[in-house]
Structure formats: C-alpha cells, structure tokens
Enquirer: 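My structure is below; once you've seen it, I'll send some questions.
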Amino acid sequence: MPAAGIDIARIGPGDGTIAPRSRMRSDAPEQSLDGAWRFRLSPSPWDAPDDWRTGSAAGEWDTIAVPAHWNLSGFGSPAYSNVQFPFPVDAPHPPDENPIGDYVRLFDLDAPLTHLRGRMLLRFDGVESAAEVHLNGVRLGSTRGSRLTHEFDITDVVAAAGNVLAVRVAQFSDGTYLENQDMWWLPGIFRSVTVLGRPTDGVDDTFLIADYDPATGQGTIDARIASTGSVSIEVPELGIRASADAAATLDAAPVGRIAVGAVEPWSAETPRLYTAVVSTPTETVTMRLGFRRVSTDDGVLRVNGRPIMLRGVNRHEHDPEHGRVYSPDLARRDLVLMKQHNINAVRTSHYPPHPDFLDLADELGVYLIDECDLETHEYEYVQWRGNPSADPAWREAFLDRIRRTVARDRNHASVIMWSLGNESGTGGNLTAMARWVREHDPSRLVHYEGDWSSRDVDVYSRMYASHDEVRRIGEEASEPLPIGISADEARRRTLPFIQCEFGHAMGNSPGGVREYWDLFEEFPRLAGGFIWEWVEHSITVRDDSGRRVHRYGGDFGESVHDHNFVIDGLVSADREVRPGLVDYAAIIAPVVIGVDETRETVTIGNRYDHVTTDHLRFTWRREVDGATIASGEFDVPSTPPRTRVELPLPARARGDVTARIADVITVGAALAASTTWADAGHVVATGQQLSAVPAVAATRSAPGADRFDRRGAPLRLGGLDVLSGPQVGIWRAPTDNDLAPGWDEPDLPPMAARWATARIDRMLTRVRSIDHGPHSLVVETRTGAPSFDTAIDARWSWSETPGGLLLTLELDPHGPWDVDWARLGIDLTLAGAPTGMQFAGRGPGPSYPDTDAGVTFGWHEVPASDLVTPHVRPQESGSRRGVRSAIVRTTAGAVRVQVAGGDALEHGVALTVSPWDRRTLAETTHASDLPEPLATHVSIDIAQSGVGTATCGPGVLPRYRVPARPASFALLFDTP
Ligand code: GAL
C-alpha cells in the first residue's frame, strides 16, 4: 500500500470508533475544532509523504478551513459525474490518481473539558471519503461513510494542552464504491470536528419513541436510555416526571413505557413539539418530542391514523461556493421556501443531511425520508456484476452505514421512513439492513426503490414511472390478484405507493406533474411523490473579469463527466425560485378553489390531511381592465380535511360591467396568522374565473405604403423600429428536455433532433405576393424548411384602424409535415435592448402548456431581469401565456400589442420577450457567455409545445404537443 498508514482498499467499515449514538443536545462540555487547520495535498498515495502522523512538518504546510472541501478551497478542482464512475470498477481499489489530504490541528482543551470527570470523544460529522485518524501520534482508527458521524474515544490519549490531531484523508477509497451518488466529487473534512466531554454516569445514548394513539388521543413514550447513572425523564408541559431504567449500552437497555395522557399530535401540518429533559445527576439532555404514529393499512400510508399525501422534493445539500458544507441559513431558507410552496416532505437524497437539518424539519413540519449514505450505481455499467449489495463480504460495511444513519437521527419526529440507500441494485446486504432497521426501530417504515420486488420494504417506491404505469399501480390495489402471481408480487400489491423521484426539474421543466398529481388524488394507494430535485448544483467561480459565474460538469477539465445533468432543481443554487416550483406549489396546493362560470358559487376543497380550513382567510376580488372594482372576505365554514364546501359568491362579484380587455374574479386562501415559515396573508391557493374581451377594430383602411418595406413588412410597430420580421416561427431553443429522448418514446430521437432533421430551426421565407387593397395591405409568404417541401403559408393582412395597426394572420401548413412543432407563431426583432414589459395575461412568471398551474390572470409588470429565466445552460424560457394585451419596452421606445381576433380570442397568445434570439440561446452553453443584449426578440405564439420531463421520464404528453395545423389570429399594434 503506497500511502503510509491508510488502507483505502479493503472491504468493511471504518475501525476504532465507538458504537453509533443518537445526536443529543447536552449540557456536557464540548469544544469545536472547526477553523484553520494545517493542510497538505498529494496528488496520489504514491506521492504522499510518510511524516503525517505526528504533524511534525505541518508548520510548513498550507492552511485550510474545516469544515470545507479541499477542491473548493484552492486545492484541485471539483468533478461531476452521475452513474458513470470516474475510475475503473475494480473494487475495492481506488485508482492511483487519488488525491490525499493531510490535515493537522494543534489544540489545548478548553477549561471545562479539563475539569470534567468522565471520558472524552472526538467526533467527525462528515469526511469524504476515508480518514485515518491519529491523536498525539496514537492511531485512533479510520472512517468510512462520508456523510455519517464517527466518534472515537480519546480519553486515554488526549492531554490538557499541546494535542496534535493528524488526519489523513483519501478522496477515493473502497468506500467510494458505495457512494456513487449523482453529485460532485467533493473530498475533505466537510462537516464539523468536535471534542465531546462525556461525564461519568451521563446520558450516553437515548431512543425515545413518542407515539400518538389516534383512537384515544393519548401519547406514550417508549424510552431506552444508555447510562450508568440514575436517569429521569421530564416533559414539563405534560407534567411528566419519571425515572427510567437504563443500561450501559442502548442495546441492553430495557424499554420503559411512560403514559403521558392526552397530547397534541405532531404532523407536518401541526408540528407540535414538547420539550423533554433526560437527566442524570451529571448530565442533562434536552430533546424535542413529536408524538405521532406512522402506519400503513390496506395500501394506505397514514400518519396519526389519517391518510397522508407526500408533497415532496429530493434535497441534496448544496451551496454553490461551499458544496456540501452545511449552512444553517441556507438549510432554513430551503425549508421555509419549501413550506411557502406547499411542500411537506423531503427525501434526503442520497445520504443523511447535516444533523441540524432534522431539527428544522421537526420544527417547521416536514416529513423526511432519511436516506442512508449508499449508492452502488456504477455497477449498472457492468450489468451489476460484482455489486457489493449482493456480496456478503460487504455486509458489515452496509450494516455499519444504516446503523450510523438510524442511530444519529432516530429521535426526530420528522423522520417517517428510513431509506436503505439509492440505486444499489438488489442483494442480501440490503435485506440485512432492512432486517436490522425493523429490529431496531419498529416505529418507522422502510424505504428502498432499487428492488421492485419490494421484499424488504413497507412502501412500493419507484422513480419516473410513466403516468400510465402509475395509474395501473393505483388500480392494481383494488383488483383481484391474478392467477400465478408470486408471493412477493402479491405482497407488493398491498403496499402504499410513492414516486421517490418524478418530475425531473432540469432546465425549463418539469411538465406533466399535474397529471401525476391527478392520479395521486384519484387512487388512495398513491401517497404522492418527490420532485427530482430541489436545488441545482451549479458551482460558482470568478471568471477572468471577476464576475461570479455558474459552472457544471466538464467545466473543470474532467475527462469523465455528465455535463449539466446536475443542474436540475426547482430552485437555482442561489435559491432563486424557478418557474417549476411555482407550478408545483399550485399543483400540490392544500386547498383547491373553483369559481363556476356563472359566478354564482365558489367551491373550496380542503386537501390538508390533518387540519381544517380554520387557519385560513378567504378573500375575493373582481378586477376589470386592471382596476379592482370590488373585493371582500368570505366566511368559509370550518371544512374538515379531505372534504369540500360550496358557497355562494357575493352579489357584488357579479354585476354587469363593460370590460375592454378582461373581467376576472380571483379567490384566494391565505394564512390568517403568521407561522414559523410565513407571515399572515401568505397565499396558499388561488382560484379564478375570467371573462375576456377582444380589442375590437371597427373601421379599417389600407396603411401607408411608406410604413412598409418592399417585402411588405412593417418598418415600425408602435413606437419601435422593426429590425427583422415578423416572420413565421415554429422552432425554439431546445430545452434540456427537448434534447433528451423521452422514456415514453425510447426508439425515437429527442424532439430537438427531430426538429433539426426537419430543419424547422432554419426555415427560409419567400414573399409570394403583395397586394395593396383599399382596406389592407395583403402579403402572402411561404416559410419552408431547406431541402424539403414542407412549409407554412401565411397571409398577412395589415390595416389601419382607430385602435392602431391591425394584423390579421392566417397560417396554413403546406406539404407532408410529420414532426410536432415546438410552437406556432411569429418572430420579430425590435430596436433597443428590452427594459421590461407589462401585460394582461397569465403570470407574472413564465409558463408552458404543461407547467401553467401557478400562473394567474392579472395585469403584471415584469422587469427586464425577469423576462426570461436565467437557466445556467441557456434555453427556451420566458413565454407568458393567455396574454390579451401587452406593452413591450426597450431602450428605444415601446409598442403595445393587443389580441384582436381569431383563435387567440379564447385563450390569448403566448408572448416571449427576450434579450437574445433563439439561435444564440441554442448555441451558448453557459448563461455567463450570453452577449450583451442589443435588440429585443419578440415571439407571439398561438401554440407552444409543453416541456415534459424527458431528461428523466416521459416527454411532452400528447395533449400538449403542437402537430402541424392551421391557425388564424389578429393583433393590434400601437404606441402606448
Ligand atoms: C435518479 C437518481 C438521482 C439523479 C436522477 C437524475 O436515477 O436517483 O440521483 O441521478 O436520477 O437527475
């Protein structure tokens, strides 16, 4: 073994640590060793000097912060890969190119620790991927399991002063074979290092199961305590004070049951916590208990006896500058943003998060699937040959990981399921993990997606199953069992179903989520799902000119990488809300509001699982052409969970009023009082009823010929020069989904490739005729695809009216079109860079036909910065749908456009105002490379394709596609 003192190619857990314990808040003294450490990086074990254990030479080394990843601290660079492994699958060996980081920290013990009567522990909360630990020249042991806690007993080694802690960390090790999650490779001591004082006869470990019996409303605590002292448990708020039997180890400790009487249960909707104090004469541990019961029956997932719906997201820990280093602010911000967007569940993909994250989830009310740090996905590349999950030699390594996961987090009410890991195939080691979990913690469910037989688990879990399959899974629970079905299959059919990943939020995405949700609502067995994923993992760096720019796979010179597949979140790495989150929030809203067309009644559906509508305030308002003409509050009777009420709409919402553009009723449900995650007034759901009116153009006359060029195209529209167009357009800058083959059409190329083959990205226009008539200028064009006889014929008829310049456009496909279009509309370029827009339509954010749940009709103002979505890899974005009227502003002036007739009357048009043309967007790989905007690119579409979720999952559903079709619509242009 080349690197001195670190064996990084063996099979098994680390060594020398004490048994995993639960994380506790104690009054025992502790000392953080976070801060500046000495650091030396060697490119390979072969180059790593042998002098590291004593730290004798460390005075000459660099310094590094702990916690941090060294390759985000100026030592090397990050690398991103998904399923593919960055080195040969040759377990348990890492490659020779394997950076070795040597860390040294000198420390004296703080006074409280030197005075302590008891033992002393050294705790590492996260080291990637393997560490060898020496204190004062004495070997303490090693770690495996990067996102897991490891504690060493240092009592006999530590001194009051002059301690030398030396840690040798290998970026890759045998452990890497179990940690091939889809994320950046980020080595180093990236979570805190702490010295813990352990008082003699203190509270060494706890496992408190706080149960709630929904039938009686009574709570109980099943308490197991590891201590050699005399232990008492108090829950002051409940008047509980009990002594507890304890034993030296938790495994040996008896279960003491404490009846606590009537309690308020914990759920994600009612995150009620009670403070419990576990104490011995030498130590006091403070815990927060949430009384709740997780169960399944008849295929239904329940909390506190009531069916629940998991409105979930997958969350990685990611900070664009610091990687997986925990930031309390960012974690709180994540959970608050989630709660504000109606999310009630997180799968901690794909490892236990920082321990403090669980406190936040308890407090704010979020169900967790706490996932073990395990993924052997690289074996998919070799047809799962030699998968550690199925190799008994690896069993201890697997068991060690799940023990550490469960032990650390078991006292948190938010954890409702333990997940064995992600994408690790099948095998006996997973079964052994599941068995251990069941024996250790009967109060939660076991989750694992990778084994569809579901032999080891309590919920049937899948990722990216199609809508059709999800429907079948919903239906099969109530069907008679088919003849000849296996026992596993028969059992699986009795389990609740979740999609642990669906709706892949990469780029302009995810489409089709509403259709999944409709299924989840329809079938009791379907208990919801988790969008992949919460946050984009871009890493920010400074470019040559000092700008902060976002980077993805391949940007750091990696030879094996997966490009921007890591940029797939509902929020950016800086936590800007992407349109997909707004859509998801509306789809999963806990209240559904419908206003009927006659405006007689409003229906309020309560989709909460545990609470009535009492905490909400319902308001209505009527807006006509942008002015609120009436508004008020509703009295909604207390509506129990999963029921609905119908109420009359106040008469004032109905009276006759003449509108020029639109008359809209909006009913909103908002928080009546502030919560820990939002202020009073925060809107959780909205319903609308819209009556739209077309702009009517009465008299018409032919426009002056001098206002058109020789091809019959207008020189100016409103107050702006037209630099190019208008011309027919059916292409868009491919979204990430457009570039991926949909899982529902595996034999077909991605949409973007089909468009390129059909050449709709480079269509050419020919003017066929120009006719100066008495009432209009009529121009006929044919816009066709090079090499083909497919085209779109257009008849542009321009007239002068009192309302402005009227364009009536008729579009007709010509030739044998067999490709679905990206859109159908017109493109034009206007003078000046865009400075913003105002529109009456559905907004304020962008939407596409399959992502439009979260936009509401209104008179919206959009600043230049929000016209398009700043996707890290540029692509189509920014389309505003249902637009009736808009003012586009540029540095050169402004134009107003209004819908005046044709197919646009019913649904309006989709308007995109972008600083960049589509070709530039399509050809630029990073947002930071987009040029300074010089002109304004406007598209007015009568149809837009949905976006689907083809990067993982189905492409655009048939109903959201744009097959070749004729269209006609009229638009009125003038100067605002
Ligand atoms: C899943 C995997 C995730 C992520 C996702 C694609 O298969 O579990 O970790 O890779 O696909 O973004």
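Counting starts at 1 for both ligands and their atoms, following the listed order.
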Enquirer: Is Arg514 paired with Asp850 through a side-chain N to carboxylate O contact shorter than 4.0 Å?
Expert: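 Between Arg514 and Asp850 there is no salt bridge, as every charged N stays at least 4.0 Å from the carboxylate O atoms.
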Enquirer: Mind checking what residues have non-hydrogen atoms under 4.0 angstrom from ligand 1?
Expert: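 Its neighbours under 4.0 Å (heavy atoms only) are Asn82, Asp182, His350, Asn422, Glu423, Met463, Tyr464, Glu501, His504, Trp532, Phe565, Asp568, Cys952, given by chain and number.
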Enquirer: I want to check something: taking the side chain as every heavy atom from C-beta on, are Arg147 and Arg191 in contact at a cut-off of under 4.5 Å?
Expert: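 The answer is yes, as the side chains (C-beta and beyond) meet within the 4.5 Å cut-off.
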Enquirer: Parallel, tilted or perpendicular: which fits the ring planes of Phe497 and Tyr460, with parallel below 30° and perpendicular above 60°?
Expert: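 Judged by the thresholds at 30° and 60°, the geometry between Phe497 and Tyr460 is perpendicular.
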Enquirer: Could you pull out all residues at least two apart from Trp394 that satisfy side chain to side chain donor-acceptor pair (under 3.5 Å)?
Expert: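 Trp394 satisfies side chain to side chain donor-acceptor pair (under 3.5 Å) with no residue once adjacent residues are dropped.
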Enquirer: Give a yes or no on whether a salt bridge exists between Arg315 and Glu533, defined as a side-chain N under 4.0 angstrom from a carboxylate O.
Expert: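 Here Arg315 does not pair with Glu533 in a salt bridge, since their nearest N and O are not under 4.0 Å apart.
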Enquirer: Among Arg873, Arg754, Arg732, which residue meets the salt bridge (Lys or Arg N to Asp or Glu O under 4.0 Å) test with Asp738?
Expert: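 Answer to the salt bridge (Lys or Arg N to Asp or Glu O under 4.0 Å) test with Asp738 among Arg873, Arg754, Arg732: Arg732.
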